Each structure stands twice: as C-alpha cells, then as structure tokens.
Student: 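This is the structure I have questions about; it appears just below.
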Amino acid sequence: MESIKGFIIEYKKTIKETLSVINKNGCGICFVVKNRKLLGLVTDGDLRRYFLKENNLECQISDIMNKKFVYFHVQTAASIIRDSFKEDIKYIPLIDDEFNLVDIASITKTHRIQLLEPDLSGNEMNYIQDCLKTNWISSQGQYVKKFEKLFSELHLNRYSLSVSNGTCALHLSLKALDIGMGDEVIVPNITFAACANAVIQAGADPVFCEINKNTWCIKSSEIESLITSKTKAIMVVHLYGQVADIESIKQIALKYGLYLIEDCAEAIGSVFKGKPVGVFGDAATFSFFGNKTISTGEGGMVLFKDKNFASKCKILRDHGMNPDIKYWHDFSGYNYRLTNMQAAVGLAQLERFKSIVEKKIKISYWYESLLHDCDGISQKPVKIKFIKHSNWLYTIILEKNFDKNRVINELFKYGIETRRIFYPLNEMPPYKKFKCSKDLSNSKFISKHGISLPTSVNLQKDDISYIVKCLKKVLVNSYN
Ligand SMILES: Cc1ncc(COP(=O)(O)O)c(C=O)c1O
C-alpha cells in the first residue's frame, strides 16, 4: 500500500521514530500497526501531552498510543465516512475484515483513489471570493455571462445557456423543442436515468434503443425500427466520452424530420472530424456535476444551433417570464438558472479546458498500455477513426467468467473506488412500461460485465500503475 506507508509506524518503534514519521507526512498523525493490523493512533497532540509529563524519546510507541479512535471498514459508504469528520478528526483509518489498515480517509478524500474528483487548482477560489466580495452570488452577474461566452467559443459559437444541472438541461431542451404529451423520444438503453426521466418529465414517452456492442452508445442501425408517427426526437448519449455514430444518426433524423438531441454530459472535449460534440444536434446538453470533466459542483449547459430555440429556452429557464415585460409570463416556465458562484468555478475550469481534457486522454493511454497484458478483460474503450475520445471515465468489460461485484469489492479494499456500468433502463420499474428494442442483449451484457476505473484528472502514472497492479491481483481471485 505505497501511499499510506508514510502514515504507518510499527508498534515496537520508539517515540523518536514516530516523531520522524509524523514530521515527514506533515499531517500531525500516524497509525500504529502490528504487521498490518491496526492497534492505535498517535497525534502530535498526544506527543505534546506526553512530553509535558515525561521526557523519554526511547519509550515504545504502543505504550502511549490512543486505543480508542474512530475507524471504518473500507467498504463503508463515502457519505458515512464524510459525516464523521470533526474539527479534531481529520484522518480516519479504514480497515479490512482482519482489522488490517488498508486506507486512510481524509476530509478531502474518503478513499485514497476516488473514481472521479475535480481539480480546482486554477482561478476557482479567486473568482468565488470575487463573487462574495462583490455580493454577486445569485444568477445575475458577470461570471454567468463570461462562462456562457467562453463555452460558446469552445463550441463553434453555438448559443449557450447555463442551467442548474444536466438533467434540467435535458428537460429544458425538450421543452424548447416543444416536445411533450403524446410524443416519443428514442433514448439509448444504457445511460444515466436522467435521460429517461427528463423525457417523462416533459410529458413524452422514452423508447429504449439497443446499444452498439463496441462503442456502448446507441445502435444507429436499430433506430429506424423504433420510429413511429409519434417519434419527435432522437436523444444520443456520448457515453463515457465515446462519440456515438453521429453522422448516421443525423442522416436518420433528417430523413424522418426528427430533432437530434446530443447528451454530452459525459463527453465534453470529445471531438468528431475536428468538431466538438454538441454541435451536431439541434440541441445539446452538458452536466457540470462534481464528477464531470468540467465541474461547477452542480450545473449544466444547453447548446442550440438555432437562435429562436435559444431565445425560447432562455425564457423558459427564467420562469417563462417575458424578457421585456417584468412579471409578464408568456409560458409556464422554470427556475433553472446557474448561480454566479457556480459559473465562476466553471469559468476557472474552462480556462484550463485544453489541459484538463489532454490529461484525461493521457490517463486513457496509461491504462491502455498498462492493461495490454491483463487477462480477464474482454473490451477496452474502442478507438475509432476521426473520433477523439475524451475519456471521462475509463471503462472496461470483464470476461464472462469473472465476478464483477467481487472485483469491485476487492479493489475497494485496496482503497480504489470503481463503479459498475448503468443498469439497462428497460429493466427498472419506472421504465418497464415503455417501448424498447426487441433484442437488448448488448445492453444486458455490457451492463453485467462492465466496470469503470478511477479517471480523476489529478491521477498520475504511478496511481494508474497501482490500480492496474491491484486489478491484476484481484482478477486472479475473482473467477466465477
Ligand atoms: C449521460 C448523462 N446525462 C445526464 C446527466 C445528468 O446530469 P446532472 O447530474 O448534472 O443532472 C448525467 C449525469 O450524471 C449523465 O451522465
């Protein structure tokens, strides 16, 4: 466990040696172990108190360590761990079934290698402070405008409207395109449920389409069979950063006079034939949730090609109020605005857009090369001509004979957070009643065997090597 080494002291060591460990890690704490078993912990406060009474640097650390302390099993939910931090508890040891110390949670990281965490190392803090200092904390303010402007510039000057999250971005795009009661929208069967929920909330019915077995995005050759007189739109999701078969799907949309909506929540920075995702559809949506490539905590964006749709969407975003006559409502609308503070974070993130996306792609190359000799993987993200895959979340499909849940649980014991692929939408209770493709075997297979590996922009090659090393170890013991 390379990176917790700096926090560990063997129980037989002296106070002097413990001081040296604490001094090196700079965190004011270390954990006392016998082999790997956790016996206690020592803080610099404990040592201070000891020296006020005694003065023996050679005393064995196990004689003075704290034996009562907060700890959790490594598989404890992140939310429970997070709620246990206090002013005086900034580090919590995580143990396995044998009480071995396997990881250390801190206020900023509940597990050592989280699936996805944002990098807020640019102007985020400066801009937030600026909002607070100037009192511009609501959705009125310069940062919202600047964020939207820069977003448009990165997307061929399409009309950008920032919103509260990616789900209301989807909802708003459907409403702006006048999609509602009695309409059908074709949605891929493997995606986050927000896609189906937004369609249902707009009053329309989702129709679930099988996915392509290589890209895991909507299967373009299947779409036409699902089109009826009620179909109004095709919602394409660029899953995990992969670009869906956008050219063929656009042709189908044109042939049948359907709207094309691109859900780019997971694919900001992906490119097809030199153009960024989001510029191919009539509308496109983005999410800036905390785990997304560009994050504002919560947040989203809607992108339109057509100015009229954008203008309508802007009104709907602001309660449906007429922009020229205050408190006169032309539509029954929503409050889906992003705050100036969120936009301030977004702007700071977009300033580093290029380097963030490049780093994400670099991570995919590291995985690709380190996994080349890893047995047990049936698929890795597929490389397709003309597509730049932005690698939001590096995902692999295990071979059939591996127990995916066991792999996830075992990796957690090494402090590595991973994630299953979404469940097929058609199989879940709220969506069972809607129409779907006859053959959904790809959805089933990919969902059953897929896992996503940590892909935070902050990860270094050493971290990826560690993850792959652990994955290889875990796979050996995870045969069904
Ligand atoms: C494909 C997809 N669509 C939509 C959303 C919804 O975005 P948000 O969480 O910002 O509402 C997500 C987010 O997680 C997503 O992955």
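Starting from 1, each residue takes its place in the sequence as its number. Computed from heavy atoms alone, side chains included, the values below leave out hydrogens, waters and symmetry copies. In each ligand, atom 1 is the first atom listed, and ligand 1 is the first ligand listed. Fair warning: this is a prediction, and the values are worked out from it, not measured in the lab.
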Student: Could you tell me the residue and atom name of the protein heavy atom closest to atom 16 (O) of ligand 1, and the distance to it rounded to 0.1 Å?
Tutor: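 In this structure, atom 16 (O) of ligand 1 has Glu266 OE2, 2.6 Å as its nearest protein heavy atom.
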Student: Is a salt bridge present between Glu148 and Arg317, judged by a nitrogen-to-oxygen distance below 4.0 Å?
Tutor: yes
Student: For His73 and Phe412, I'd like to know if the aromatic rings sit close, meaning centre-to-centre distance below 6.0 Å.
Tutor: no
Student: Quick one: which ligand 1 atoms are inside 4.0 Å of a heavy atom on Gly166?
Tutor: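 Here the atoms of ligand 1 in question are 6 (C), 7 (O), 8 (P), 10 (O), 11 (O).
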Student: Are Tyr259 and Phe309 close enough that their ring centers fall under 6.0 Å?
Tutor: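 Tyr259 vs Phe309: aromatic centres under 6.0 Å.
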Student: Out of all atoms in ligand 1, which are within 4.0 Å of some heavy atom of Thr167? Include the element for each.
Tutor: 6 (C), 7 (O), 8 (P), 11 (O)
Student: Compare Val237, Asp263, Thr285 and give the one whose heavy atom is closest to atom 2 (C) of ligand 1.
Tutor: Asp263
Student: Relative to the heavy atoms of Asn165, which atoms of ligand 1 are at a distance of less than 4.0 Å?
Tutor: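 Heavy-atom distances to Asn165 below 4.0 Å select 10 (O), 11 (O).
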Student: Charged N to carboxylate O under 4.0 angstrom, Glu410 versus Lys473?
Tutor: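 No, no charged N to carboxylate O under 4.0 Å.
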Student: On the six-membered ring of Tyr143, is Lys146 placed so that its NZ or CZ lies under 6.0 angstrom from the centre and within 45° of the ring axis?
Tutor: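 That pair qualifies as a cation-pi contact.
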Student: Can you tell me if Ser443 and Glu210 form a side-chain donor-acceptor pair at under 3.5 Å?
Tutor: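 On atom types as modelled, these side chains qualify, holding a pair under 3.5 Å.
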Student: Which ligand 1 atoms are under 4.0 Å away from a heavy-atom of Thr191?
Tutor: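 Near Thr191, the atoms of ligand 1 are 1 (C).
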Student: What do you reckon, does Lys292 put a non-hydrogen atom under 4.0 Å from ligand 1?
Tutor: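 True for this residue.
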Student: For atom 12 (C) of ligand 1, what's the nearest protein heavy atom and its distance?
Tutor: Phe192 CD2, 3.5 Å
